Asker: 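Below is a structure I'd like to ask you about.
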Amino acid sequence: MTAEHLLQNLNAEQREAVLHEGGPLLILAGAGSGKTRVITRRLAYLILARHVDPMRVLAITFTNKAAREMKDRVLELVPRSDLWVSTFHSMAARVLRREAAAIGYKNDFTIYDTYDRSQALRAVVRELELDEDVYKPGPLGHQISARKNRGLAPGASDPDVGHVDPNYSKIEISYAEKMKQCCAMDFDDLLLKLLELFETRPEIGERYAKRFEHVLVDEYQDTNPTQYKITAALSKGTRNLCVCGDPDQSIYAWRGADIRNILDFERDFAPVTVVRLEMNYRSTKNILAAAQGVIEHNSRRRAKVLKSDAAPGEKLSMIESVDELDEARSIVATIRSLTGGKNIKLKNGEPARLSDVAIFYRANFLQRALERGLRDAGMPYRVASGLEFFERREIKDIIAYLKLLINPSDNVAFERIINVPTRGIGATTLEKLQNEARRLGCGLYEAALDRHVRAGFAARTRNAVEAFLGLLDRLKLLIDGRAESAVAEIVYATDYLKYCGDLGDAGDVDRVENLRELEVSAREFDTREPGAGARGFLAEVALVSDTDRINGDCDRVTLMTLHSAKGLEFPIVFIAGVEDGLIPHRRAIEETSGTDGLEEERRLFFVGITRAREHLYLTRARYRTQFGQRGGLFEAETAPSRFLDEIPDHCLQWTRREDSFVFKSSGNHKSNEDSQYSQIDPGGQFGDAEAQVSDEPALQAGMRVRHARFGEGKILELRGSGANARAVVKFRSGDEKQLLLQYAHLELL
DNA sequence: GAGTTCTACCTTTTT
DNA sequence: GGTAGAACTC
């Protein structure tokens, strides 16, 4: 590869961005404008043509997966170029592991995720003897995070609010102390401590600023104030800072991102070269027109129109189905019609495959129904979003062992595993240990190691605790070895597989599977990062999300949230749950002041639309189950998203799936998939009289029935028809419930 | 101290 | 409908 090659197939603006020599550069890259290509070429060009030492280039991405991809793509252009590509968080962790002593931490500090943070906060509230119903760990953590991101010290008063609840201040202070004591940092701490390091030890900051001759930050519209300061600190020396982003794709204000970072970049880093990439190479004209129509409704926005040479392509489809299961089926049916081999060909001339298809949704709970639909239809899929693997109990348990072995001060890990698998150490013993630890001013593990402390326990407890300590002692050797053997040994030595069986629930097979998978990813890590070992594995695992775990080489449909879809593209895209209250999300509108919340929702929808290259389907369920039976089921029909009105009419075709369809389908999913769609009939009433599933006896008022959950009761009244058929039942408990027959599975007595 | 059932809450989005 | 912690029972 020569430098000349790196400039091929670039338009004038892209070329300018690649060639820009030094000094602050702002790349305003519209959706689908070839940003990734520009960035990777630029990095390669720096190395090949300007002979910058790869070691002296720092590139920051939004996710670990993006980091890996960027690194791979640069390696394709320039083999053996050892760039530093990572997220802000892993970059911070990496620097801090090296420099921890300078801010009074040990190198082996633990990284707490949101769950660990909640555990720590729960403990704090308990220690302070405050009301746990008032001070809930989730919201507390959120608030602490928000305050940290605004640069407020623990317990500091908030100039914008004035009065701060003194109990809250106490919690915040104790939490900070606890983190210090456990030698732990949460996600926000990683960034803040890095900044603290740079500020309190300027010579260290300068060393890094000097080391990085070029700094590049991708997705700059989603950086928060702390990240802004880190960026500024790192690029202070050379001023060779290139940031890249799109204000229209800013979707992380809720976690402290500040869109002003990108809007004010020109002012803050003046003089700045600005390159605008506005030629869209990704989507059909129809998709682009829809995206443009939507985003133009944002008032706080610099006008920008994406250009395109593409063909108009197909219209977008809006499919309105009966309920969430029907929605899933409609998606399956559509995918089948697109990918069945003889069917459509994509622009590249290849027939569409399942891996060309992605399904996006606003909230994780939508995933379940979609998955069910796909699974029932036997359609392979993979889920690339949210809390899955690393949130699993068994995974967290094994990781907690690793954490404690590496960082013996980690009280949260200690509490998690002292009795997992169960070994006869209960709440009483733990409480004693906590008291002793407080008295001695040490961690729980250290307290347990003290024989005087253990002397206070009953013989049986003492034995159990000593067995536990012995176990840890034997495992200790593992932390300097390979990640795979550490994981495998912990599972083996704790007899964890047996414990999985003892839990006696339905999930034990999955648990064993998951543990296998953990071993596999440990092995992969060992191969990928030879020498990093168990320590390195733990460090990585703490910052890795599930999104990072998906790999592209299998022929499956991909499911993910709209947020994790950012930066990706697919030939065929479905966005499910395009309903008001979901997109835009109810809480985004309610909780955020003014129109900001709504505008961010609109950007999120825009991000979703612009992921699609050729085919875009929007779907909605007219009735959506939320909170099981209690929620949305009995509420009025969902409303189509208000954003749909913003899509030009000529781009969008509406389709409505009929009600009776669901009933015919009951029990036999296969038959539905090729069932007909019907064109919307504005005047027509769809509800028909076939209220009952054919093989179920007709219900009548007065009949006695049993419900799986509510028990026995009497039908007072029957209402509605079709999918809407309901029974009002008075149960023994005295409760009167309205149940949808379709779901209630009432048993006749 | 362990195991079972009960209850509340949940559903924004993630490093 | 599913989870996680609390309350309750043995």
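Naming: A, B, ... by sequence-line order, numbering from 1 per chain. Here the structure is a predicted model, which means the values were calculated and not measured.
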Asker: Of the candidate nucleotides C:dA6, B:dG1, B:dT13, which contains the atom at the shortest distance from the side chain of A:W254?
Answerer: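 Comparing C:dA6, B:dG1, B:dT13 against the side chain of A:W254, the answer is B:dT13.
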Asker: Using a 4.0 Å heavy-atom cut-off, does A:E132 contact any base of the nucleic acid, only the sugar-phosphate backbone, or nothing at all?
Answerer: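 Contact class for A:E132: sugar-phosphate only.
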Asker: With the side chain of A:T87 defined as its heavy atoms from C-beta on, choose the nearest nucleotide among B:dT15, B:dG1, B:dA2.
Answerer: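 Nearest to the side chain of A:T87 among the choices is B:dT15.
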Asker: Would you confirm whether A:N419, through its side chain, and A:G426, through its main-chain N or O, come within 3.5 Å as a donor-acceptor pair?
Answerer: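 No: the side chain of A:N419 does not pair with the backbone of A:G426.
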Asker: Between B:dT14 atom C1' and A:F62 atom CZ, what is the distance in whole Å?
Answerer: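 Rounded to the whole Å, the gap is 7 Å.
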Asker: Quick check for you: among B:dT15, B:dA2, B:dT14, whose closest atom lies nearest to any side-chain atom of A:T63?
Answerer: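 Closest of the options to the side chain of A:T63: B:dT15.
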Asker: At under 4.0 Å, does any side-chain N or O of A:S90 touch on OP1 or OP2 of B:dT15?
Answerer: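 It does not, given that no N or O in the side chain of A:S90 lies less than 4.0 Å from OP1 or OP2 of B:dT15.
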Asker: Whole angstroms only, please: what is the CD-P distance between A:Q249 and B:dT14?
Answerer: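 That distance rounds to 16 Å.
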Asker: Of all residues at least two apart in sequence or in a different chain, which pass the salt bridge (Lys or Arg N to Asp or Glu O under 4.0 Å) check with A:K566?
Answerer: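 Counting only residues at least two positions away or on another chain, A:K566 forms a salt bridge (Lys or Arg N to Asp or Glu O under 4.0 Å) with A:E219, A:D222.
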Asker: Are A:R392 and C:dT3 close enough that a side-chain N or O sits under 4.0 Å from OP1 or OP2?
Answerer: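 Result: no.
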Asker: Want to settle it: does A:R460 or A:E600 sit nearer the 5' end of DNA chain B, counting the closest nucleotide to each?
Answerer: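 Closest to the 5' end, via its nearest nucleotide, is A:R460.
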Asker: We want to know whether A:T638 and A:R624 form a side-chain donor-acceptor pair, criterion being a heavy-atom distance below 3.5 angstrom.
Answerer: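 Not at all, the side chains of A:T638 and A:R624 share no donor-acceptor pair under 3.5 Å.
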Asker: In whole Å, what is the span from the NE2 atom of A:H585 to the C1' atom of B:dC10?
Answerer: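 After rounding, the reported distance stands at 11 Å.
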Asker: Let me know the distance between CG of A:L366 and P of C:dG1, rounded to the nearest Å.
Answerer: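 After rounding, the reported distance stands at 16 Å.
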Asker: Checking all strands, does A:R126 fall into the base, sugar-phosphate, or nothing category for heavy-atom contacts under 4.0 angstrom?
Answerer: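 Contact class for A:R126: sugar-phosphate only.
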Asker: Answer with base, sugar-phosphate or nothing: what part of the nucleic acid does A:D188 contact at a heavy-atom distance below 4.0 Å?
Answerer: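 The residue A:D188 makes no contact with any strand.
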Asker: With the side chain counted from C-beta on, respond yes when A:T226 and A:L195 share a heavy-atom pair under 4.5 Å apart, and no when they do not.
Answerer: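 Side-chain contact under 4.5 Å: yes.
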Asker: Return yes if a side-chain donor-acceptor contact under 3.5 Å exists between A:N64 and A:S90, otherwise no.
Answerer: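 Present: a donor and an acceptor within the cut-off.
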Asker: Write down the atom of A:I103, the atom of A:K193, and the distance for their closest heavy-atom approach.
Answerer: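 So the two residues come closest at CD1-CB, 3.8 Å.
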Asker: State whether A:T428 places a side-chain N or O below 4.0 Å from either non-bridging phosphate oxygen (OP1 or OP2) of B:dG1.
Answerer: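 Indeed, a polar side-chain atom of A:T428 lies that close.
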Asker: Just to confirm, is there a sub-4.0 Å distance from OP1 or OP2 of B:dT14 to any side-chain nitrogen or oxygen of A:N364?
Answerer: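 Answer yes for this pair, as a side-chain N or O of A:N364 is under 4.0 Å from OP1 or OP2.
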Asker: For B:dT14, does either OP1 or OP2 sit under 4.0 Å from a side-chain N or O belonging to A:S564?
Answerer: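 Answer is yes, contact under 4.0 Å.
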Asker: Treat a base pair as Watson-Crick or G-U wobble with both distances under 3.5 Å, then lay out DNA chain B in dot-bracket form, 5' to 3', with | for cross-strand pairs.
Answerer: |||||||||......
Asker: Rounded to whole Å, how long is the line connecting atom CZ of A:R122 with atom P of C:dA6?
Answerer: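 One finds 6 Å between P of C:dA6 and CZ of A:R122, rounded.
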Asker: Taking the minimum atom-to-atom distance to the side chain of A:H563, which one of B:dC9, B:dA2, B:dT14 wins?
Answerer: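 Of the options given, the side chain of A:H563 lies nearest B:dT14.
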Asker: Holding to salt bridge (Lys or Arg N to Asp or Glu O under 4.0 Å), I want the full list of residues that pass it with A:E127, two or more places apart in sequence or in another chain.
Answerer: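 If we apply the salt bridge (Lys or Arg N to Asp or Glu O under 4.0 Å) test to A:E127, skipping adjacent residues, the hits are A:K178.
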Asker: Would you say the side chain of A:L234 lies within less than 4.5 Å of the side chain of A:F198, judging by non-hydrogen atoms?
Answerer: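 Counting from C-beta outward, A:F198 and A:L234 do come under 4.5 Å.
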Asker: Would you check if there is a donor-acceptor pair between the side chains of A:Y252 and A:N224 at a distance under 3.5 Å?
Answerer: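 No, no side-chain donor-acceptor contact under 3.5 Å.
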Asker: Is the phosphate of C:dG5, meaning OP1 or OP2, less than 4.0 Å from a side-chain N or O of A:Q119?
Answerer: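 Affirmative; the distance criterion is met.
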Asker: Measure CD1/A:I418 against P/B:dA2 and give the value in whole Å, please.
Answerer: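 From A:I418 CD1 to B:dA2 P: 11 Å.
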Asker: Pick out the pairs of N or O atoms, protein on one side and nucleotides 8-10 of chain C on the other, that lie under 3.5 Å.
Answerer:
none

Asker: Does A:F88 stack onto the base of B:dT15, taking stacking as ring centres under 5.5 Å apart and planes under 30° apart?
Answerer: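 A:F88 vs B:dT15: stacking no.
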Asker: Under the side-chain hydrogen bond (donor to acceptor under 3.5 Å, both in side chains) rule, collect the residues that match up with A:H89, sequence neighbours excluded.
Answerer: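 A:H89: no side-chain hydrogen bond (donor to acceptor under 3.5 Å, both in side chains) contacts found.
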Asker: Compare side-chain N and O positions of A:T422 against OP1 and OP2 of B:dG1 and report whether any pair is under 4.0 Å apart.
Answerer: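 Answer no for this pair, as no side-chain N or O of A:T422 is under 4.0 Å from OP1 or OP2.
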Asker: When the distance from CG of A:L430 to C1' of B:dG1 is rounded to whole Å, what number comes out?
Answerer: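 For the pair A:L430 CG and B:dG1 C1', the rounded distance is 13 Å.
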Asker: Using a heavy-atom cut-off of under 4.0 Å over every strand shown, decide if A:L562 touches base, sugar-phosphate, or nothing.
Answerer: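 Touches nothing.
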Asker: To the nearest Å, give me how far apart CD1 (A:I60) and C1' (B:dT15) are.
Answerer: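 Answer to the nearest Å: 12 Å.
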Asker: Could you tell me which residues satisfy side-chain hydrogen bond (donor to acceptor under 3.5 Å, both in side chains) with A:R416, sequence neighbours excluded, listed by chain and number?
Answerer: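 Scan of A:R416 (side-chain hydrogen bond (donor to acceptor under 3.5 Å, both in side chains), adjacent residues dropped) gives A:D397.
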